[in-house]
Amino acid sequence: MKLSDFAPALLDSAKPTPDGVVDPQGRPAGKRFDVYRNNVVHSLSEALTAAYPVVEKLVGPKFFKAMANVFVRQFPPRSPLMFLFAPELPSFLESFPPVANLPYLPDVARLELYRRQAYNAADALPIDGAVLAVASPEQLMGARLTLHPTMRILQSNYPVFSIWQNNSETAQVILPSGGQDILIARPEAELQMRTLPAGGADFLKALQDNQPLAQAAEIGAKTDGFDLTENIGGILASQILIKTTLEGI
Amino acid sequence: MTYTTQSQIPALAGVGYKPQHLKDIQADSGSVKWLEIHAENYMMDGGPPIAQLRHLRDQFPISCHGVGLSIGGELPLDVNHLARLKKLVDWLQPGLFSEHLAWSTHDNGFLNDLLPLPYNAASVTRVANHVDQLQNAIGRQMLLENPSAYVAFTATTMDEIDFLTEIVKRTGCGLLLDVNNVFVSGTNQEYSPEEYIERFPVEHIGELHLGGHAVDSDDHGAPLLIDSHDHPVVDPVWELYDRVLARTGPLPTLVEWDNDIPDWAVLESEARHATAALGRAT
């Protein structure tokens, strides 16, 4: 018996009990081996449920469990760090025929994934925005802003932040039409989420790529209605500014 | 290299730490005098769980229990995971560090379960090498835990106690005796848990585990116990625990409850039960 026979049979119930795996009297292990099969699939399904509670709520626990049975066999964890488990779920849902009628579901899963990533990402202390207020316009436009390491941006064609709110323990909101761009970050202990104004997502992504403020503003302004002052105010309100090249001015 | 057992964990009752119990623990930990954490739950870059643990370790002795290294596996140990364990042990400075005589990782990934291995000359060498590698990586002694098993292997040529004794001899590691696992494996493998306890090399035990199990049956109607950690400790396991303590005197004792996690009061009463047994053993 090699563990290389044991391991694949755990995730593939069509495979027989591996040779040499027996009960104490030397008979084929049968149901005893199935305990391991059940444990593995059950524990991974539970981990998937814990990671994607709003997806579970949207499709219902029974459907979610059946879907998890397919998913966990196809995408078992790549590492023992279970807080990283199942980053493949959003793209899996995009090509899982039974949820084709829920086109927003992959982005809801992405939102839950980004929340989990932000929760576990490196800590950093936000700075206040006073330094931005005292800089001259030239200094400001040439500055580079370092944003919080927990920051994630989700751009969706669906109102997934509102969908998320309506399916978690928050106040109910009226579902807007159209898509939403969402900022997810954990400046301190609590996760923060907010929808971004026009061009805001591209603006923040450009800053995250270490572009100076002027270039990031140009990228943001490619979207109609982009307002630089509003977006800088948003950075400060969200407490995602951790450093600027303006310090010492 | 030799390591000495320098436990900062008292010979009293502890429990597996669950974040949902944080407030209760801080208000009144009752008979719970130390906490055990699963190493893999604290390997992220930052965030509230790590901040909580930094705070908790100032209030309680903390023991660190690895659940993901796959010491019993056929693959080489994951050097990245060894580095993560070292990083955690370096900052946390846990009173004890333990891992399992089991495997969880193979070519198809991490299987999130503690899987069994045959006991023979080849596996004893492999496990001893892995234990050496871990102890060298973290720079301290580890405790190796006896597993629960539901199956047997035709490739097994050694019994579990001889296997564990040989690992201790070759590596200088200590042992974590999980008393529930003795009851579960003894029932499932048709050996006497009492005789197992009588033969166990108790001088190497650094920690005891207690936990609950579920009851099922095999294809032939024989009882099959599942190490589910979702029930109170059963009376026969408390009796085995008394037998262990009669041989060893008081030892750090952990109550594990990992699934269907109860209210703090329920878990604390299990710890109180262990505390009473520890008191009788002095």
Side-chain angles (χ1 to χ4, degrees), chain A residues 1-8 10-12 17-44 46-47 72-73 75-85 116-124 149-150 186 188-191, chain B residues 38-52 66-70 72-75 78 80-81 84 103-118 123 149-156 188-191 214 216-220 222 224-228 259:
Chain A
M1 207 284 313
K2 283 271 180 202
L3 301 186
S4 42
D5 297 328
F6 198 107
L10 292 169
L11 291 174
D12 185 352
T17 301
D19 283 345
V21 180
V22 295
D23 78 2
Q25 299 179 28
R27 299 171 295 197
K31 196 175 163 187
R32 290 165 173 266
F33 183 71
D34 292 343
V35 173
Y36 293 109
R37 283 179 159 145
N38 292 340
N39 280 355
V40 168
V41 171
H42 178 75
S43 81
L44 294 179
E46 294 274 296
V72 304
R73 290 183 162 88
F75 297 101
R78 303 316 306 173
S79 107
L81 307 187
M82 288 300 289
F83 60 86
L84 299 177
F85 177 47
R116 184 157 48 110
Q117 291 174 346
Y119 189 76
N120 293 314
D123 300 306
T150 62
R186 185 184 51 75
E188 290 174 83
E190 302 283 321
L191 276 170
Chain B
H38 287 179
E40 283 72 13
N41 290 342
Y42 296 91
M43 290 183 171
M44 49 284 281
D45 294 329
I50 288 180
Q52 261 178 29
V67 295
L69 188 60
S70 205
E74 283 173 3
L75 296 182
D78 176 353
N80 294 320
H81 201 60
R84 290 188 287 255
W103 60 281
S104 49
T105 298
H106 206 68
D107 290 339
N108 54 348
F110 174 70
L111 296 157
N112 203 30
D113 195 19
L114 297 166
L115 298 158
L117 57 147
S123 62
Y150 314 124
V151 297
F153 295 97
T154 53
T156 285
N188 293 346
Q189 308 279 3
E190 298 177 0
Y191 61 72
D216 201 347
S217 61
D218 77 357
D219 295 312
H220 307 280
L224 183 60
L225 305 184
I226 316 292
D227 181 34
S228 50
N259 296 299

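Every chain is numbered from 1, with letters handed out A, B, ... down the list of sequences. Just the heavy atoms: all of them, side chains too, but no hydrogens, waters or symmetry mates, feed the values below. Being a predicted model, the structure only gives us computed values, none of them experimental.
- A:Asn39 places a side-chain heavy atom less than 4.5 Å from the side chain of B:Tyr150.
- No other option in A:Ala122, A:Ala124, A:Ala47, A:Pro76 has as many heavy-atom pairs under 4.5 Å with chain B as A:Ala122.
- Of the atoms belonging to B:Leu69, not a single heavy atom falls under 4.5 Å from chain A.
- Both the backbone and the side chain of B:Asn108 come within contact range of chain A, each with at least one heavy atom under 4.5 Å from a heavy atom of that chain.
- Of all heavy-atom pairs spanning A:Asp23 and B:His220, the tightest one is OD2-CD2, 3.8 Å.
- Of the atoms belonging to A:Ala29, heavy atoms from both backbone and side chain fall under 4.5 Å from chain B.
- Using a cut-off of 4.0 Å between Lys/Arg side-chain N and Asp/Glu carboxylate O, A:Arg27 and B:Asp219 are scored as not salt-bridged.
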Q: Decide side-chain contact (heavy atoms from CB on, under 4.5 Å) for A:Leu10 and B:Asp113; before the verdict, give the C-alpha distance in whole Å, the side-chain angles of both, and the deciding distance to 0.1 Å.
A: CA-CA 11 Å; A:Leu10 292 169; B:Asp113 195 19; over 6 Å; no
Q: Decide yes or no on side-chain contact (heavy atoms from CB on, under 4.5 Å) for B:Phe153 and A:Val22, but give the supporting numbers first.
A: CA-CA 6 Å; B:Phe153 295 97; A:Val22 295; 5.8 Å; no
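- In this structure, the portions of B:Asp45 lying under 4.5 Å from any heavy atom of chain A include both its backbone and its side chain.
- Distance check, rounded to the nearest 0.5 Å: CZ of A:Arg37 to CG of B:Leu111 gives 12.5 Å.
- Interface remark: A:Tyr36 contributes backbone and side-chain atoms alike to the contact with chain B (heavy atom separation under 4.5 Å).
- Contacts of A:Leu11 with chain B are made by side-chain atoms alone, with heavy-atom separations under 4.5 Å and no backbone atom involved.
- Only the side chain of B:Asp216 comes within less than 4.5 Å of a heavy atom in chain A; its backbone stays farther off.
- Closest heavy-atom contact between A:Pro80 and B:Arg84: CD-NH2, 4.4 Å.
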Q) Does the side-chain contact (heavy atoms from CB on, under 4.5 Å) test come out yes or no for A:Tyr119 and B:Met44, once each step is laid out? A) CA-CA 9 Å; A:Tyr119 189 76; B:Met44 49 284 281; over 6 Å; no
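- Nearest heavy atom pair, residue A:Leu3 against residue B:Pro116, reads CD2-O, 4.2 Å.
- Taking OG of A:Ser79 as the reference point, atom CG of B:Asn80 lies at 9.5 Å (rounded to 0.5 Å).
- Contact tally against chain B (heavy-atom pairs below 4.5 Å) for A:Val72, A:Thr17, A:Leu81, A:Asp34: the top residue is A:Leu81.
- Only the side chain of A:Val35 comes within less than 4.5 Å of a heavy atom in chain B; its backbone stays farther off.
- Closest approach of A:Pro24 to B:Glu190, counting heavy atoms only: CG-CD, 3.7 Å.
- Across all their heavy atoms, B:Ser217 and A:Lys31 have their closest contact at O-NZ, 2.7 Å.
- Minimum heavy-atom separation, A:Arg32 to B:Asn188: NH1-O, 3.0 Å.
- Counting heavy-atom pairs under 4.5 Å between each of A:Ala189, A:Ala121, A:Pro149 and chain B puts A:Ala121 at the top.
- Note that CD of B:Glu40 is 11.5 Å distant from CG of A:Leu84, once rounded to the nearest 0.5 Å.
- At a 4.5 Å heavy-atom cutoff, the contact between B:Leu224 and chain A is made by side-chain atoms alone.
- The environment of NE2 in A:His42 is sparse: at most 12 heavy-atom neighbours from other residues, nucleotides or ligands sit within 6.0 Å.
- Residue B:Ala39: no heavy atom, backbone or side chain, is found under 4.5 Å from chain A.
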